[in-house]
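What you are looking at is a predicted structure, and each value in this text was computed from that prediction instead of being measured. Reckoned from all heavy atoms, side chains included, excluding hydrogens, waters and symmetry mates. Residue indices begin at 1 and follow the sequence shown.
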Amino acid sequence: MKTKPLMKVDEARSRILASMPLMPGEEISIINGLGRVTHSDIISRRTQPPVALSSMDGYAVRFSDVQEIPTKLIRVGSAPAGGAYSNTLNDNDAVRIFTGGPVPDGADTIIIQENVKAESENDGATIIVNKKPIKGQYIRSAGLDFQAGELGIKAGRKLTARDIGLAAAMNVAWVSVRRRPKVAILATGDEIVRPGDNINPHQIVSSNSYTLAALIKAAGGEPIILGIAPDTIEGIQSFFETRIGADLIITTGGASVGQHDLVQKALAKDTFGASGLDIDFWRIAMRPGKPMIFGRINDTPMLGLPGNPVSTMVCGLIFVKPAIRKMLGADITNDNTTKASLLEALPENDERQDYVRAIYFINDAGSKVVKAFDRQDSSMMKFLTHSNCLIIRPPFDRSHIVGDEVEILEFEEGF
């Protein structure tokens, strides 16, 4: 029987993203908005500044009164920030004004205090202007920053500290954001135990659930760690007998073809029943991460990731992170790929797209260079932790010599 060709990474990613549900909106206070993705546009509720303001300490004057230098003016009042001079300037009037103070009616120019000699700081005092100003200088016009009704922040944006400040300035106290997608994580395997549990020499500590949970949080999701399922049909099925209440389900381990790789068999319709797993595809032309499953169970999308820690994390980066971004309605086109020059040669690649753990840096010449780790075993997490990028090698990529330019995927904060 002819073996079915492995699915290409781009096709697998497209099919996964097309199946992701879009999360509904919810209202939250802007104080809790950092890192959330906007559900709808944020529109300004005020004009900023609401009136013309001074950008410097000095005197508000009429430009027509300061054509001859030096010239004498009479101080008739003051305009501090948060206050105002309520009258209109007449000939040879000057109003003491401070940064953020509203520009009085009739004034069209600010003279900074360094260019004025004042008789006193009292109303009625004479001031002498020693330097001719530029008309309109140091005045921030009404609406210089933004207008009431203006679009401030678009839907689909992950809110930064700068965005929170802008929303507050626009007098927006509550914003509509996408609900965080709930992502359930189930580890499988008799050989794994939770961190901190008693462990024998034949077992390993389960790290996949915790690394995935961190990745999901960084991407904007809400992880739900279900625990560890034993390597039995009944043990795996027990976690799916009632609806999990997640928007996406991820399993780790049990996705390959070994005697104890039971995820597909345990959840198949002929084993689990009508609500069992509808498989969209299984096995991808990538390294690490080949034995990945994607389908739906109980009408919920499910990703069955490999058990090797590096395979799990690379699949998380390539598939899980953009899936969460898609559910949040956020931009998924920026994938942090760039180019770098090799510091060591690479042999030709086979039919699978290869994700090679590596370190890039800027050399003394100001160029971005990259070096792959010698060991690429998918069970070795240390080198993934020490990496700051992956070299992406397409299927059947030719061999490369030192100095060749290759594509790299830079890690974002939180990965």
Not counting sequence neighbours, which residues clear side chain to side chain contact (heavy atoms under 4.5 Å, CB included) with [X]? List them please.
X      : result
Thr160 : Arg157, Arg162, Asp163
Lys154 : Asp41, Leu151
Asn363 : Phe361, Ala365, Ser367, Val369
Ala266 : Ile233, Ile236, Gln237

Residues at least two apart in sequence or cross-chain that pass side-chain hydrogen bond (donor to acceptor under 3.5 Å, both in side chains) with Asn130, listed by chain then number, are none
Report yes if some heavy atom in the side chain of [X] is under 4.5 Å from a heavy atom in the side chain of [Y]; otherwise report no.
X      : Y      : answer
Ile199 : Val205 : yes
Ile293 : Leu277 : yes
His386 : Arg357 : no
Glu222 : Ile216 : no
Val370 : Ile359 : no
Ile249 : Ile297 : yes
Leu17  : Arg15  : no
Asn336 : Phe411 : no

Between [X] and [Y], is there a side-chain N and carboxylate O pair less than 4.0 Å apart?
X      : Y      : value
Asp65  : Arg62  : yes
Arg287 : Glu351 : no
Asp247 : Arg179 : yes
Arg178 : Glu26  : no

Using 30° and 60° as the class limits, which term best fits the ring planes of Phe240 and Phe272: parallel, tilted or perpendicular?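 Phe240 and Phe272: perpendicular rings.
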Does anything in residues 97-116 form a ring-ring contact (aromatic ring centres under 6.0 Å, His included)? List the pairs, not counting sequence neighbours. none
Applying ring-ring contact (aromatic ring centres under 6.0 Å, His included), which residue pairs with at least one partner in residues 286-330 are found, sequence neighbours left out? Phe281-Phe294
Can you give me the closest heavy-atom contact between [X] and [Y], atom names plus distance?
X      : Y      : answer
Cys315 : Gly289 : SG-CA, 3.7 Å
Met302 : Leu248 : N-CD1, 4.3 Å
Ala372 : Val356 : CB-CG1, 3.6 Å

Under the salt bridge (charged side-chain N to carboxylate O under 4.0 Å, His left out) criterion, do Asp197 and Arg194 qualify, and how do the steps go? CA-CA 6 Å; Asp197 282 356; Arg194 295 177 302 178; 3.2 Å; yes
Please tabulate, for side-chain N and O atoms in residues 389-397, each donor-acceptor pair with protein atoms closer than 3.5 Å (sequence neighbours left out).
from	atom 1	to	atom 2	distance (Å)
Arg393	NE	Asp397	OD2	3.2
Arg393	NH1	Pro347	O	2.6
Arg393	NH2	Pro347	O	2.7
Arg393	NH2	Asp397	OD2	3.3
Arg393	NH2	Arg398	O	2.9
Asp397	OD1	His400	NE2	3.3
Asp397	OD2	His400	NE2	3.0

With sequence neighbours left out, the residues meeting salt bridge (charged side-chain N to carboxylate O under 4.0 Å, His left out) with Glu344 are Lys371
Residue list, salt bridge (charged side-chain N to carboxylate O under 4.0 Å, His left out) with Glu121, at least two apart or on another chain: Arg75, Arg96
Find the distance between CG (Leu305) and CE (Met313) and round it off to the nearest 0.5 Å.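 Reported to 0.5 Å precision, the distance equals 10.5 Å.
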Going by distance alone, is a donor N or O of one side chain under 3.5 Å from an acceptor N or O of the other, for Ser379 and Asn308? no
Short question: side chain of Arg352, backbone of Met286 - any donor-acceptor pair under 3.5 Å?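 Yes.
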For side-chain contact (heavy atoms from CB on, under 4.5 Å), just list the numbers for Ile185 and Leu226, CA-CA rounded to whole Å, side-chain angles, deciding distance to a tenth of an Å, and then say yes or no. CA-CA 6 Å; Ile185 306 164; Leu226 299 179; over 6 Å; no
Hits for ring pair (Phe, Tyr, Trp, His ring centres under 6.0 Å) against Tyr360, two or more places apart or cross-chain, chain-then-number order -> none
Is the count of non-hydrogen atoms from other residues, nucleotides or ligands lying under 6.0 Å from Glu68 atom CD greater than 12?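 Atom CD in Glu68 is not crowded, with 12 or fewer foreign heavy atoms closer than 6.0 Å.
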Please list every donor-acceptor pair under 3.5 Å in which a side-chain atom of residues 47-56 meets a protein atom from a residue at least two apart or in another chain.
from	atom 1	to	atom 2	distance (Å)
Thr47	OG1	Ala148	N	3.1
Ser54	OG	Met56	N	3.2
Ser54	OG	Met56	O	2.6
Ser55	OG	Tyr138	O	3.3

